[in-house]
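Bear in mind that the values here come from a model prediction, so they are computed numbers and not experimental data. By convention in this document, chain letters (A, B, ...) are assigned in the order of the sequence lines, proteins followed by strands, and residues within each chain are numbered from 1.
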There are 2 protein chains.
Amino acid sequence: MNVRTTETEAISPRPLHGEVAERLRRLIIHGEIPPGERLNERLLAERFSISRTPLRDALKLLSAEGLVEILPYRGAVVSRVTLDEAEGLFQVLSALEGLAGDLACQKATEADIAEIEALHADMRRHYERGELDEYFALNQRIHQAIVNCAQNAELTAIHSRLAQRIRCVRYVANFSPARWTRAMAEHEEILEALRQRDGVRLQNLLKTHLGRKFESVREWLLANQG
Amino acid sequence: MNVRTTETEAISPRPLHGEVAERLRRLIIHGEIPPGERLNERLLAERFSISRTPLRDALKLLSAEGLVEILPYRGAVVSRVTLDEAEGLFQVLSALEGLAGDLACQKATEADIAEIEALHADMRRHYERGELDEYFALNQRIHQAIVNCAQNAELTAIHSRLAQRIRCVRYVANFSPARWTRAMAEHEEILEALRQRDGVRLQNLLKTHLGRKFESVREWLLANQG
DNA sequence: CGCCTCCCATCGGTATACAATACGCAACGA
DNA sequence: TCGTTGCGTATTGTATACCGATGGGAGGCG
């Protein structure tokens, strides 16, 4: 009996490069492999106890996701997000979440909204306790849940990719208590708009919310990496 | 002396899998490899006179672009775009082109606009002569040029990918003469809004333009593949 | 003393060989 | 006759070997 079949998931043959890509993704997003770092194929293959082939496949995947850049004959490096790139990413992300918000108001079920409300309540608790990491995690899950409500596979996929790329930066963007309070208030409004299924309002709220988030990231980038 | 350096492009060492990916992309977009077709690695490698390794790399790339789907241990097949998927793609594309239009009105240079006007004039000529293929090509280039004006690398990249996926379908979506005339008029309006740098108007025009385009694709899909 | 050139070590790109998995077919049994 | 089961083949996933490019350093030349 295969070990995998013991899990709830019925069938899921997972090639090695998929696993490797996931592990690398975590390492990069959590900052354990810093931006600009060169990724030596032989060393990494040895580290994961696999051959170079699936590792290269994984790097190709991450390259397509934008997490790493592959230079011909020079290898892969972890993408370094500049200020201009961050602005571009936030612009696209705003447009996408705006669309998602609009669609979510049309397509979300009551169960969907209830779930988001639960996440929101959870996030509020962490906010009140000043637990930043948990707050960020919940924040991310809420935005993701709203996008999921739009029931648009491509939108979900692209949003996920962009959010990952931005998370590398945002993770360390420790904003001010004032900004945190304001962000929390914005989330309250967002949830209210979703409850009322006010598409255009939710769209605008999400866009300005992300715009403000970018401002905070912008300041951090200007202060820390010129 | 390397042959490639004789071309205008200064430095561009192009790995084999890149070339192969491009060739495959063309084959798929032009419909020479129909949707649903299985892509046998050995046969394709033999066809291109290369090994399986770079071919597999190319398939991974196209998979990330969404043009093919890779099923574990079962190989790659050309993605078949369903009606629901097409709707999702157009929704995202509308949001992205809307954003691009807004940004373009802020950032486009006079030279950019002049170039788009030239493309537009060219397209009009082909329209008047009833040359559909050339019209489509110019149409594509115009939309692409508008997106380029936004000066947002990520936006350009994602838009390009989505446009490619949709082109597989739209290429055969021979719409009615009435729709063609209307589309041409919409493009006139689009160009006018860009000239006047009316961001919100251009954004709305592009969104409705794409919405109509989807309607035409929708009808074709309903008629031809149920 | 500085710059340019050439050489070599290192590493990524490609080709090939081996292992694992899925699909089709045929034989067996009910 | 139909369903099931086992095997064989074809095809994908992985590992390894080879080739070519790149970049840095040593040595020579100006």
Side-chain angles (χ1 to χ4, degrees), chain A residues 1-7 9-25 28 33 36-80, chain B residues 1-7 9-25 28 33 36-64 67-80:
Chain A
M1 184 180 191
N2 194 325
V3 180
R4 290 204 194 91
T5 57
T6 59
E7 306 192 353
E9 199 171 343
I11 46 162
S12 72
R14 287 167 91 172
L16 202 46
H17 50 83
E19 303 271 353
V20 176
E22 201 165 320
R23 289 184 63 177
L24 274 175
R25 225 174 291 156
I28 292 174
I33 303 180
E37 182 100 342
R38 292 200 59 223
L39 298 170
N40 187 303
E41 297 183 352
R42 287 185 167 84
L43 291 178
L44 281 176
E46 189 179 340
R47 175 173 176 178
F48 291 137
S49 302
I50 56 170
S51 174
R52 277 180 59 212
T53 310
L55 181 79
R56 285 173 59 81
D57 290 350
L59 288 179
K60 290 259 162 47
L61 243 169
L62 298 182
S63 166
E65 294 179 8
L67 284 176
V68 307
E69 291 173 34
I70 295 181
L71 303 96
Y73 297 106
R74 287 181 56 189
V77 296
V78 179
S79 295
R80 191 191 300 274
Chain B
M1 184 179 191
N2 195 324
V3 180
R4 289 204 193 89
T5 57
T6 59
E7 305 194 353
E9 199 170 344
I11 46 160
S12 72
R14 286 168 93 174
L16 201 45
H17 50 83
E19 304 272 353
V20 176
E22 202 165 319
R23 289 184 63 176
L24 275 174
R25 224 174 291 156
I28 293 174
I33 303 180
E37 182 99 344
R38 289 200 60 227
L39 298 170
N40 187 303
E41 296 182 355
R42 207 171 292 267
L43 292 178
L44 282 176
E46 189 179 338
R47 176 172 175 179
F48 292 136
S49 302
I50 56 170
S51 174
R52 276 181 59 214
T53 312
L55 181 80
R56 286 173 59 80
D57 290 350
L59 288 178
K60 290 261 161 49
L61 243 168
L62 298 182
S63 167
L67 284 176
V68 307
E69 291 173 35
I70 295 181
L71 303 94
Y73 296 104
R74 288 181 55 190
V77 295
V78 179
S79 295
R80 192 190 299 276

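A:Arg47 meets the side chain to side chain contact (heavy atoms under 4.5 Å, CB included) test with A:Leu27, A:Leu44; sequence neighbours excluded. Residues passing the side chain to side chain contact (heavy atoms under 4.5 Å, CB included) test with A:Arg42, sequence neighbours excluded: A:Asn40, A:Arg52. B:Ser79 pairs by the side chain to side chain contact (heavy atoms under 4.5 Å, CB included) definition with B:Glu69, not counting sequence neighbours. Checked against side chain to side chain donor-acceptor pair (under 3.5 Å), B:Glu46 has no partners two or more places apart in sequence or in another chain.
If you take CG of B:Leu43 and P of D:dA10, they are 12 Å apart, rounded to a whole angstrom.
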For nucleotides 12-15 of chain D, print each protein N/O atom paired with a nucleotide N/O atom at under 3.5 Å, atom names and distance only.
from, atom 1, to, atom 2, distance (Å)
D:dG13, OP2, B:Arg56, NH1, 2.6
D:dG13, OP2, B:Arg56, NH2, 3.3
D:dG13, N7, B:Arg52, NH2, 3.1
D:dG13, O6, B:Arg52, NH1, 3.3
D:dT14, OP1, A:Leu16, N, 2.5
D:dA15, OP2, A:Ser51, N, 2.9
D:dA15, N7, A:Thr53, OG1, 2.9

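Sorted by first and then second residue, the salt bridge (Lys or Arg N to Asp or Glu O under 4.0 Å) pairs with a member in residues 54-68 of chain A read A:Arg25-A:Glu65, A:Glu41-A:Arg56, A:Asp57-B:Lys60, A:Lys60-B:Asp57; sequence neighbours excluded.
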